[in-house]
Amino acid sequence: MIGRLQCIVLDCPDPAALARFYAGLLGGEVDRPDPRWSLGGDWSTLHTPGGPVLCFQRVADHRPPRWPDPAHPQQAHLDVDVEDPAAAEAVVLALGGALLRDAGGWRVYADPAGHPVCLLPARP
């Protein structure tokens, strides 16, 4: 194990509206302050009562999925907190992942099926 799940991120055109939708389904607190990320027009969160955090990320020109149509795939990725980003990268690459982007403090990888996975330095 190299880290722990921080949140599940859903791409969407209106983060705040989608956070309110899921709060209606699951309960929880929309946009609770959290040192792990900034809140704003392009990002909203839902801290659920059971523990998992859902995050909603604005994507320009969002094209909604049309499940099960593979021409319009599902759009989500995992954020994973890691204590040692360099050691975590070695594990991800050894497991068949590929680096897509080094964004400075965090890195985006593709899992073996091409889904994005973000590794972020763990914060207290």
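Heads up: numbering here begins at 1 and tracks the sequence. Here the structure is a predicted model, which means the values were calculated and not measured. The figures here come from the full heavy-atom set of this structure, side chains too, leaving out hydrogens, waters and symmetry mates.
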Kindly state each residue pair satisfying ring-ring contact (aromatic ring centres under 6.0 Å, His included) with at least one member in residues 7-30, sequence neighbours excluded. Y22-F56
Any non-hydrogen side-chain atom of D11 less than 4.5 Å from a side-chain atom of R58? no
d(D84 CG, L119 CG) to nearest 0.5 Å is 11.0 Å
Same apolar cluster: W37 and V9, side chain cutoff 4.5 Å: yes
For the residue pair H62 / Q75, report whether a side-chain donor-acceptor contact shorter than 3.5 Å exists. yes
Residue pair Q57 / P15, side-chain heavy-atom distance below 4.5 Å: no
For a side-chain contact (heavy atoms from CB on, under 4.5 Å) with T45, tell me which candidate from D34, L39, L54 qualifies. L39
With a 3.5 Å distance limit and no angle check, can you tell me whether R123 reaches the backbone of P35 through a side-chain donor-acceptor pair? yes
The reported gap from SG in C55 to CG in D31 (rounded to nearest 0.5 angstrom) is 9.5 Å
When rounded to the nearest 0.5 angstrom, what distance separates CZ in R63 from NE2 in H72? 6.0 Å
Drop me the distance from H77's NE2 to C118's SG, to the nearest 0.5 angstrom. 4.0 Å
Does the side chain of L99 reach to within under 4.5 Å of the side chain of E89, using non-hydrogen atoms? yes
Excluding L100, membership of its hydrophobic cluster (Ile, Leu, Val, Met, Phe, Trp, Tyr; side-chain heavy atoms within less than 4.5 Å) reads W106, V108, L120
Side chain to side chain, W43 and S38, heavy atoms closer than 4.5 Å: no
Interatomic distance, CD@Q6 vs CG@L78, rounded to 0.5 Å, equals 11.0 Å
Please name the residue in the list V30, L18, D14, L10 that meets the side-chain contact (heavy atoms from CB on, under 4.5 Å) test with S44. V30
For P49 and G27, which heavy atoms make the closest approach, and how far apart are they? CD-C, 3.7 Å
With heavy-atom distances below 4.5 Å as the criterion, would you say the side chains of V92 and V117 are in contact? no
Are L26 and V53 linked, directly or through other ILVMFWY residues, by side chains that come within less than 4.5 angstrom of each other? no
